[in-house]
Amino acid sequence: MSEFMQFLLSGLTVGAVYALVALGFTIIYNASDVANFAQGEFVMLGGMITAAAYAAGAPLLLAATLAIVLTAAIGILLNKLAIEPARGAPVASLIIITIGASIFIRGLTQILLDKELHRFPAFSGDDPIHVLGATILPQSLWVIAGALLVFVALWLFFTRTLTGRAVLATANNRIAALLVGINTRYIMALSFALSAAIGALAGILITPITLTSYDIGMTMALKGFAAAMLGGMGNPKGALAGGLVLGLLEALTAGYLSSQYKDAAAFVVILAVLFFMPQGMFGRKVAERV
Amino acid sequence: MSLLDVKGVSISFGGVRAVQDVSFSIDKGQIVSVIGPNGAGKTTLFNMLSGVYSPQQGEVRLAGELVTGMPAHLLARRGLSRTFQNLQIFSAMTVLENVATGFHLQENGSLLADLLGLPSARRRMKRSEEQSMELLKTVGLERAAGFEAGSLSYGALKRLEIARALALQPQLLLLDEPAAGCNAVETEEIEKLVAQVAKSGTAILLVEHDMKMVMRISNHIVVLDHGEKIAEGTPAEVVSHPRVIEAYLGVAATEEATRYAEC
Amino acid sequence: EIRIGSTVSATGFASYLGEPEAQTLKMLVDDINAKGGVLGKQLKLIAYDDAGDANKARTFATRLVEDDEVVAIIGGTTTGATMAIIPTVQEEGIPFVSLAGAIEVIKPVRSHTFKTPHTDRMACAKIFEDMKKRNLLTVGLISGSDSFGASMRKQCLDIVGDYGITVVGDEVFGPTDADMTPQLTNLRNKEGVQAILSLGLGSGPAIITRNYAQLAIDLPLYQSHGVASDAFIKLAGKKEAEGVRLPGTPLLVAELLAEDDPQREVALRYKQQYESMAGKPVSTFGGYAHDALYLVVDAIERAGKAEPAAIRDALENTKGLVGTTGTYTMSAADHLGLDLSAFRMLEIQDGKWKLIE
Amino acid sequence: MLSVSQLRSSYGRIEVLHGVSLEISAGEIVVVIGANGAGKTTLLHCLSGIQPIQDGNIVFRGESFNTVPAYRRVKHGLAQVPEGRQIFTSLSVEENLRLGAYLYTDDKVDRDMEDAFNMFPILREKRNLPAGGLSGGQQQMLAIARALLSRPSCLLLDEPSMGLAPILVAQIFDVVKNLKSLDVTVLLVEQNAFGALSIADRGYVMETGHITLSGEAQALIVDPRIRSAYLGL
Amino acid sequence: MKRLSSKQVTLLVLLALIALAPLFFPSSYYLRIGSLVFVNSLSVISIVILTGYVGQISLGHAGFIGIGAYACALAPVHFNVSVLTASVLGAVVSGVVAWVVGRPILRLRGYYLSVATLGFGMLIFMVLNNEAWLTGGPDGMVVADPGIRALLKSWGISLNNAEFWYAFNGFVLLIGVWIALNLKHSATGRALHALHGSEVAARTVGIDVARFKLRGFVISAVYASIAGSLLAMQNRFVTPDVAGFMHSVEIVTMAVLGGAASVVGAILGATLLTALPQILTFLQEYEQIVLGLIMMLVMIFLRGGVLPSLVRMVRGRG
Ligand SMILES: Nc1ncnc2c1ncn2[C@@H]1O[C@H](COP(=O)(O)OP(=O)(O)OP(=O)(O)O)[C@@H](O)[C@H]1O
Ligand SMILES: Nc1ncnc2c1ncn2[C@@H]1O[C@H](COP(=O)(O)OP(=O)(O)OP(=O)(O)O)[C@@H](O)[C@H]1O
Ligand SMILES: [Mg+2]
Ligand SMILES: [Mg+2]
């Protein structure tokens with residue numbers, strides 16, 4: 001029992017990490033149908049900038065705020081300098097641009113900061129909390145709470161606010177969006193800023209647990225992407241569920257089956273889910289009328 | 001035996017009964033029109049007949065063979081082809097290539113021959129391109145043959161779809177609002193084309209809101225409303241049907257329609 | 001001018017190893033040149049970054065040999081990269097000093113291939129010796145799925161029987177995994193387990209150490225030389241890392257070495273030089289590069305000329321060259337030339353490395 | 001109200017509008033007719049800002065629109081019902097309508113939405129369903145309703161009657177006529193030339209990127225050239 | 001005289017380039033780069049067929065490269081066949097694997113397909129990485145000499161290693177290009193292109209969409225596999241990296257840089273991205289920045305890839 005509990009807590013922790021990254025994907029995807037593979041770099045920047053500022057003597061809260069603001073600014077720049085000029089390019093080109101951007105950001109970080117691993121203290125100490133014979137670190141609770149909070153915020157944003165709907169409209173039909181008076185450029189900039197900020201927040205929350213370095217972005221992007229697809233791209237519910245399911249799958253496989261093939265098991269399950277639900281768990285099936 | 005026999009087909013989408021228990025049939029060379037208000041289920045009916053959706057109830061027979069829910073590409077082999085209300089164009093291909101895909105079943109040979117670029121494969125390609133050019137002439141698009149299809153105007157695309165559908169040399173042709181976006185003169189050209197195709201023995205199932213065309217050209221009309229068949233008969237019978245007038249034509253159009261139905 | 005080539009993984013998944021190697025080579029070459037060079041000639045280092053990709057390593061090796069016309073190559077941070085370089089250097093007859101751990105590099109002996117790191121097998125032996133001494137005879141194993149972890153795991157499983165130790169659990173973690181509590185829980189729950197051995201590098205071992213504390217496992221924890229750097233203590237946390245044991249090169253504890261230890265001077269000098277240049281703690285891996293360069297320089301000096309064939313012959317006759325890793329004595333049958341004494345058993349106490357023995 | 005002079009526009013290197021000029025006064029209904037491919041849609045796209053212009057001027061209420069981005073033209077009161085409907089397929093019918101009034105957050109939005117639902121009751125029935133599932137004609141209604149929600153002072157309609165049942169075609173023309181009484185100026189592109197000319201004040205005929213004929217609607221409807229080329233009489 | 005078709009022109013120009021380029025090579029290192037360009041071109045053509053012709057995105061195609069590469073390493077050891085036979089075996093295995101996994105996977109669309117292919121590639125990578133008893137694990141495996149060079153020598157043609165692989169890979173590439181161009185200009189190619197445009201319409205003209213997608217996928221897998229085999233034979237050594245995600249991304253990037261739907265573009269993209277890192281080595285740690293920058297700039301300013309943009313520019317002038 002305590003064993004199962006431990007696997008569960010581990011899965012929740014890791015799952016919340018994935019969910020946070022996956023949630024970051026949703027906004028840009030919803031605004032432009034682009035899976036932004038530089039999303040992982042936002043996560044990296046969040047952690048790295050905070051670590052650097054903290055090491056330079058800034059209080060943690062200030063360091064974190066700085067990281068979020070800077071990363072959001074980089075997100076806006078990415079949109080302005082790379083995505084917007086390429087408007088109308090095929091999706092494959094946009095993906096390559098985001099991958100190019102991710103290589104660029106990684107390269108820049110390795111020079112401006114460094115190539116070392118970094119960590120900063122957990123927000124509420126390192127004393128484990130005991131739950132039914134298993135333990136969880138307080139920082140994990142921060143991560144889980146962060147994922148839930150971002151989820152709720154995004155969900156409200158997309159379903160309750162006009163701006164949220166304008167984001168969806170922009171991706172769905174850019175011309176129509178312009179015709180109803182939506183400033184699609186502003187919407188895109190906003191989406192990149194929000195996505196980047198969420199990514200940075202994710203990076204800040206998880207670094208005390210996972211450590212960070214200039215090159216974690218790609219893995220983060222991949223796991224987050226996989227989680228988002230499992231849940232159904234573009235839907236915050238899907239991102240949260242996808243992330244948690246992926247994390248739990250990995251932990252339970254590592255615990256009960258084989259730690260060697262835990263990533264494999266996760267992908268097998270993703271393939272199986274997509275086989276039965278080609279739109280992911282919560283993906284909307286858009287009826288394309290003919 | 002009729003060419004197409006539809007018996008009691010139904011389908012619903014999350015509670016919306018799009019088509020309910022509709023039956024009718026078409027003979028060789030006949031033109032049957034399906035009319036009805038917007039959202040009556042005409043396009044959905046087409047989608048069920050052409051393998052885009054599978055009917056939840058009922059059965060469809062094509063030349064006597066049960067083809068209910070058969071995938072579209074197999075129906076194509078059995079001589080059924082269609083156009084779309086929401087255009088389905090291969091927009092990155094040229095106009096000529098768009099039509100040439102209509103010859104797919106004729107030109108499709110062994111994969112190996114294609115990979116090795118054998119002369120037989122090239123001959124087949126060439127023939128379908130020549131035939132496509134003929135069809136483009138028929139619909140008046142020969143000058144656009146080399147253009148990228150995505151650059152055509154809406155009306156031109158409608159005619160391109162008709163040409164592509166004709167390329168299959170179908171026994172049964174389903175046309176979903178072929179004259180939408182065309183003016184009166186262009187509509188007449190399409191009408192002529194349709195009549196000509198029917199004369200060659202192809203049965204035609206037509207959805208169209210242009211009453212002038214429908215009334216003049218149809219042998220038989222099926223009227224749908226809210227997914228159900230509310231009337232059926234010759235043009236003259238249908239225009240005088242009170243439910244049809246009330247639900248679909250309205251007073252003004254009835255007058256006009258009656259004029260054409262009678263001539 | 002004497003051209004020496006290098007291809008290491010300065011970026012990519014093995015940059016944790018390759019970056020200090022690259023920096024060390026550059027620093028030392030500058031240093032040697034400032035002191036007048038070798039045989040009165042300046043050294044020229046032509047350095048490439050293969051990002052740990054075997055295919056790239058192979059291409060760069062070709063480039064070094066064919067285009068840059070170097071007289072010797074240092075590099076191949078990972079075993080895969082090294083193995084990809086070998087056919088080229090063997091065919092073209094260029095001496096090559098590898099920085100990779102696996103025993104396959106020098107076994108069977110290849111005419112032009114040498115290496116400086118002790119083999120993974122030696123690290124395993126050192127750990128098992130210590131376990132045996134402490135009577136810890138049932139261990140749980142957790143290893144990284146990357147090149148380093150997999151190679152260590154293989155070598156350790158190969159020889160563990162020789163020490164009368166049984167492995168009761170065999171878990172794996174990925175190089176970017178965030179939480180290893182499931183694996184550790186399983187190991188802890190293994191019947192009769194007396195110690196846990198973690199084989200890996202990068203963030204994994206630090207996370208394992210932290211998870212270890214989180215789960216309050218009170219068995220001795222061993223790490224491999226893969227984490228032998230002060231950075232590890234910082235990342236794992238002083239409290240969490242307390243009591244962790246691992247085999248390390250003398251470099252790490254240079255200050256603690258006996259005054260008469262022949263390695264003390266070399267290790268201390270390199271350590272100070274590196275730390276003031278790079279602004280970060282020295283790591284075992286930079287030490288490998290240090291030794292490799294000095295092996296080559298020593299060979300050139302003894303050969304009296306900078307020609308590949310002569311350098312190769314001289315390398316094979318290296319005798320008693322003191323490096324940061326150990327003292328090298330090569331022969332036609334041994335292209336590594338280190339013995340077990342090159343490893344020292346270390347323990348973290350109060351956030352500091354302590355020599356045991 | 002809207003004045004267009006010597007407008008040129010091209011796709012890539014192919015020019016499709018070769019200097020089009022037209023003039024619309026406030027409160028007028030003006031219709032443009034022309035064969036397939038004449039450039040009518042392109043003209044409307046230039047006016048709404050979706051399609052860049054190479055030369056010429058667009059002046060709306062005395063202001064040059066040449067460089068005003070599309071989304072800001074809506075704020076100035078110019079709205080378009082585009083060809084091919086261009087609805088937001090993945091959003092619900094209601095969300096589509098709400099986005100029509102994107103620029104407004106006042107109470108009038110709700111009233112306008114009610115009006116739209118009253119105009120096309122089927123939309124009320126389907127308000128919570130994704131708009132992509134609507135039938136062709138229903139989507140056309142949605143596109144018209146959405147454009148009206150942006151409170152235009154000038155409405156550009158690209159073949160609004162396309163795909164609508166006869167009973168609705170009549171209704172749409174009524175709606176357009178009513179707009180006049182609400183002081184909305186209308187530029188109407190129609191293939192149903194007869195219907196359109198019957199409600200219009202003036203008309204233009206467009207052929208391969210040129211305006212070739214213009215005049216009072218009543219005069220055009222009896223013009224023999226129009227009757228044979230567009231009315232099929 | 002009959003005018004040459006564009007296909008024939010392409011092949012002739014390519015042949016001339018391959019044959020004449022070595023005259024300008026200062027050392028055999030350039031031959032090595034050339035032969036890598038050829039191998040990468042084959043991988044990229046594999047993507048061009050799948051993405052450019054059929055419109056399906058794969059982020060796991062390196063999995064097939066891995067199968068081809070490891071076939072050359074494993075089959076000679078375990079089945080006692082020659083390395084060349086092993087590469088054919090690898091191609092067959094890749095084709096069969098593609099046929100089996102293609103059925104369920106190709107029903108997915110867009111990003112869902114890309115995540116599924118990504119998963120597939122990961123699975124292959126993990127097996128190669130984890131099953132050390134068979135594959136040597138992350139440290140990789142030695143590949144036996146295919147012995148063609150020795151054979152040629154016995155015929156009196158003596159080439160050094162670099163020369164041989166340059167010529168051999170160039171030869172295979174020519175065949176690959178020829179077949180890919182045939183496919184493009186065939187009925188099958190048109191059907192593939194059509195289903196890329198609209199699946200519904202493709203079905204209604206009688207195209208068996210599932211089957212044609214699968215055909216494209218299998219052909220594409222075979223190309224990738226052969227590229228993997230060539231790489232393994234040439235390097236005489238393989239590591240699981242050949243099947244890794246980064247490799248998949250690399251070839252997709254090459255394809256998109258070149259212009260995703262064109263075979264000549266594929267070669268251009270492969271050349272660019274193979275040569276670039278070699279050219280950028282002088283930048284040392286700035287290499288990554290510049291590489292990322294170039295990728296973005298090309299995609300932004302040469303919309304649709306290098307080749308289509310060049311063509312447009314030339315046409316624009318003429
Ligand atoms: N895929 C679908 N998802 C949801 N609802 C659908 C779907 N297909 C059809 N419907 C509904 O079924 C009804 C019939 O639609 P259909 O498109 O068949 O109408 P139609 O008769 O062709 O109308 P129109 O003349 O406007 O084209 C409509 O109410 C439509 O909303
Ligand atoms: N995206 C495009 N790229 C290139 N050419 C285009 C494009 N869109 C339209 N054209 C061309 O511009 C010309 C005018 O097209 P437009 O759509 O404006 O005509 P239209 O008058 O609206 O016709 P219809 O009545 O058929 O809708 C046509 O010749 C068409 O082929
Ligand atoms: Mg319809
Ligand atoms: Mg138009």
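Proteins come first, then strands; the chains are lettered A, B, ... in the order of their sequence lines, and each starts at number 1. Predicted model, so just to flag it, every value in this text is computed and none were measured.
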Enquirer: Measure distances from E:V200 to the heavy atoms of chain A and classify the residue's part below 4.5 Å as side chain, backbone, both or neither.
Expert: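 Only the side chain of E:V200 comes within 4.5 Å of chain A.
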Enquirer: Applying side chain to side chain contact (heavy atoms under 4.5 Å, CB included) to E:L123 and A:L271, what does each step give before you reach the verdict?
Expert: CA-CA 11 Å; E:L123 291 180; A:L271 289 178; 4.3 Å; yes
Enquirer: Between A:Q260 and chain E, which part of the residue has a heavy atom less than 4.5 Å away: side chain, backbone, both or neither?
Expert: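 Answer is both: backbone and side chain atoms of A:Q260 are under 4.5 Å from chain E.
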Enquirer: What part of E:M122 lies closer than 4.5 angstrom to a heavy atom of chain A: side chain, backbone, both or neither?
Expert: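 The answer is the side chain of E:M122.
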Enquirer: Contact between E:M126 and A:D263 at the side-chain level, heavy atoms closer than 4.5 Å - yes or no?
Expert: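 In short, these two side chains touch, coming nearer than 4.5 Å.
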Enquirer: Evaluate whether atom OH of A:Y186 has more than 12 neighbouring non-hydrogen atoms of other residues, nucleotides or ligands under 6.0 angstrom away.
Expert: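 No, not enclosed.
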Enquirer: CD1 of E:I289 to CD of A:Q110: how many Å apart, nearest 0.5 Å?
Expert: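 Result: 7.0 Å between the selected atoms.
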Enquirer: Please flag which part of A:I95 lies under 4.5 Å from any non-hydrogen atom of chain E: side chain, backbone, both or neither.
Expert: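 Side chain only.
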Enquirer: Heavy-atom cut-off 4.5 Å, strictly under: side chain, backbone, both or neither for A:I111 against chain E?
Expert: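 When you check distances to chain E, only side chain atoms of A:I111 fall under 4.5 Å.
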Enquirer: At what distance, to the nearest 0.5 angstrom, does CD1 of A:I103 lie from CD of E:E287?
Expert: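 Nearest 0.5 Å value for the CD1-CD distance: 10.0 Å.
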Enquirer: Measure the spacing between CD of A:Q279 and CG of E:L108 and express it to the nearest 0.5 Å.
Expert: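 The CD atom of A:Q279 sits 8.5 Å away from the CG atom of E:L108.
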Enquirer: For E:M295 and A:I97, run side chain to side chain contact (heavy atoms under 4.5 Å, CB included): C-alpha distance rounded to whole Å, both residues' side-chain angles, the deciding distance at 0.1 Å, then the answer.
Expert: CA-CA 7 Å; E:M295 276 170 71; A:I97 291 177; over 6 Å; no
Enquirer: Nearest 0.5 angstrom please: E:M299 CE to A:I99 CD1, how far?
Expert: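 Spacing of CE (E:M299) from CD1 (A:I99) equals 11.0 Å.
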Enquirer: Need one label for E:I294: side chain, backbone, both or neither, based on atoms under 4.5 Å from any heavy atom in chain A.
Expert: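 For E:I294, there is no contact with chain A at all, as no heavy atom is under 4.5 Å.
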Enquirer: Side chain, backbone, both or neither: which part of A:F104 has an atom under 4.5 Å from a heavy atom of chain E?
Expert: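 Its backbone and side chain both get close to chain E.
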Enquirer: Can you see which heavy atom on A:F267 is nearest to which on E:V115, and at what distance?
Expert: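 Scanning both residues, the minimum pair turns out to be CE2-O, 4.5 Å.
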Enquirer: Between A:P85 and E:F301, is any pair of side-chain heavy atoms under 4.5 Å apart?
Expert: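 A:P85 vs E:F301: side chains apart.
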Enquirer: Show the nearest heavy-atom pair for residues A:A82 and E:M296, with the distance to one decimal.
Expert: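 Answer, listing the atom of A:A82 first, then E:M296: CB-SD, 4.0 Å.
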Enquirer: So which atom in E:R107 and which in A:P278 form the shortest heavy-atom distance, rounded to 0.1 Å?
Expert: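 Looking at all heavy atoms of both residues, the closest pair is NH2-CG, 4.2 Å.
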Enquirer: What residue in E:N130, E:V256, E:I300 has the most heavy-atom pairs under 4.5 Å with chain A?
Expert: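 Among the listed options, the one with the most contacts to chain A is E:N130.
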Enquirer: Can you tell which part of E:V298 gets under 4.5 Å to a heavy atom of chain A, answering side chain, backbone, both or neither?
Expert: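 For E:V298, there is no contact with chain A at all, as no heavy atom is under 4.5 Å.
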Enquirer: Identify which part of A:D33 has an atom lying under 4.5 Å from any heavy atom of chain E, answering side chain, backbone, both or neither.
Expert: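 Only the backbone of A:D33 comes within 4.5 Å of chain E.
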Enquirer: Taking everything shown except A:R185 itself, do over 12 heavy atoms lie less than 6.0 Å from its CZ?
Expert: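 No.
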Enquirer: Let me confirm one number: the OG1-CZ distance from A:T219 to E:F245, rounded to the nearest 0.5 Å.
Expert: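 A:T219 OG1 to E:F245 CZ: 9.5 Å, rounded to 0.5 Å.
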Enquirer: Give, as side chain, backbone, both or neither, the part of A:L222 having an atom under 4.5 angstrom from any heavy atom of chain E.
Expert: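 Side chain only.
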Enquirer: Which atoms of E:F125 are under 4.5 Å from chain A, going by heavy atoms: the side chain, the backbone, both sets, or neither?
Expert: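 Neither part.
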Enquirer: Nearest 0.5 Å, please: how far is CD1 in A:I105 from CD in E:Q288?
Expert: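 Here the interatomic distance stands at 13.0 Å.
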Enquirer: Step through it carefully: locate the ring centre of A:Y29, locate the ring centre of E:Y111, and say whether they are under 6.0 Å apart.
Expert: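 Yes: the rings meet the under 6.0 Å criterion.
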Enquirer: Between E:V252 and chain A, which part of the residue has a heavy atom less than 4.5 Å away: side chain, backbone, both or neither?
Expert: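 Contact with chain A involves both backbone and side-chain atoms of E:V252.
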Enquirer: Any side-chain to backbone donor/acceptor pair from E:Y112 onto A:M233? Under 3.5 Å, distance only.
Expert: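 Pair found, side chain donor or acceptor close to backbone of A:M233.
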